[in-house]
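What follows is one structure encoded as structure tokens, with my remarks underneath.
For the single chain, residues carry numbers from 1 onward in sequence order. Model, not experiment: these values are computed from the prediction.
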Amino acid sequence: MAAIAKPTLLNPLRSHLNELPLIDSSSIRTKLREFRFSHFNVTLKHARNASVLPVIRAQSSHDYVPDSKFYKVEAILRPWRVSQVSSALLKIGIRGVTVSDVRGFGAQGGSTERHGGSEFTEDNFVAKVKMEIVVSKDQVEAVVDKIIEEARTGEIGDGKIFVVPVSDVIRIRTGERGERAEKMTGGWSDLSSSAA
């Protein structure tokens with residue numbers, strides 16, 4: 001038989017709780033909100049039935065490019081275009097490329113994919129390959145142009161290219177940083193210096 005607590009044993013606890021002052025949680029939230037945003041220049045947006053959210057504004061200039069010595073070019077491509085793109089990158093002196101198998105959808109919406117005259121679909125995600133190449137600032141446009149030239153079929157699903165600033169490059173083996181770590185023997189800088 002389970003023991004049942006008698007109501008008289010709980011009454012002393014209830015009486016002590018009743019003696020505590022009641023705290024208005026809305027006043028605490030208001031004070032906290034005032035404290036959080038009083039030291040920052042933040043525009044607040046009040047959404048119906050939602051908490052107060054800061055409005056964050058992006059860079060207003062359309063031709064703004066973050067300045068960095070290095071950039072990572074990420075290309076999401078059709079899998080059967082990878083060998084053409086990587087060969088073309090080797091020809092212009094790009095030696096360091098990372099390739100990953102990825103799945104996703106964009107404008108295709110996960111619709112059927114065409115390859116070799118056949119259409120196929122397994123689920124809502126389409127198999128793609130992501131190529132990642134970290135290059136110096138002066139190489140970015142040549143790499144992007146070469147990827148577009150080799151990967152374009154003119155159909156939906158050709159992919160996307162993202163250019164992301166990289167703050168530093170570090171070679172793990174030697175600890176070299178910056179341009180010395182990014183440079184590879186036989187790469188872009190060797191090809192461009194031998195042509196001069």
How far does [atom1] of [X] sit from [atom2] of [Y], to the nearest 0.5 angstrom?
| X | Y | atom1 | atom2 | result |
| --- | --- | --- | --- | --- |
| I147 | D158 | CD1 | CG | 13.0 Å |
| E132 | S100 | CD | OG | 5.5 Å |
| E150 | L77 | CD | CG | 11.0 Å |
| I161 | E74 | CD1 | CD | 11.0 Å |

With hydrophobic residues grouped by side-chain heavy-atom distances under 4.5 Å, do [X] and [Y] end up in a single group?
| X | Y | value |
| --- | --- | --- |
| V73 | V82 | yes |
| V102 | F162 | no |
| V164 | I133 | no |
| V144 | I76 | no |
| L89 | V163 | yes |

Which heavy atom in [X] sits nearest to a heavy atom in [Y], and how many Å separate them?
| X | Y | result |
| --- | --- | --- |
| I170 | R177 | CD1-NH2, 3.5 Å |
| M131 | S86 | CE-CB, 4.0 Å |
| V166 | Y71 | CG2-C, 3.9 Å |
| I94 | V97 | CG2-CG2, 4.2 Å |

Q.
Between K128 (side chain only) and G157 (backbone N and O only), is there a donor and an acceptor less than 3.5 Å apart?
A. yes
Q. Do any N or O atoms from the side chain of D101 and from the backbone of V129 form a donor-acceptor pair under 3.5 angstrom?
A. no
(Q) Are there over 12 heavy-atom neighbours, none belonging to E179, within less than 6.0 Å of that residue's CD? (A) no
Q. Above 12 or not: heavy atoms from other molecules or residues under 6.0 Å from CZ of R171?
A. yes
Q.
Run the side-chain hydrogen bond (donor to acceptor under 3.5 Å, both in side chains) test against E141 and tell me which residues pass, sequence neighbours left out.
A. none
**Q.** Set of residues satisfying side-chain hydrogen bond (donor to acceptor under 3.5 Å, both in side chains) with respect to K146, sequence neighbours excluded
**A.** none
Q) Does the pair R81 and T153 meet the rule for a side-chain contact (heavy atoms from CB on, under 4.5 Å), with working shown? A) CA-CA 9 Å; R81 290 293 189 169; T153 67; 2.9 Å; yes
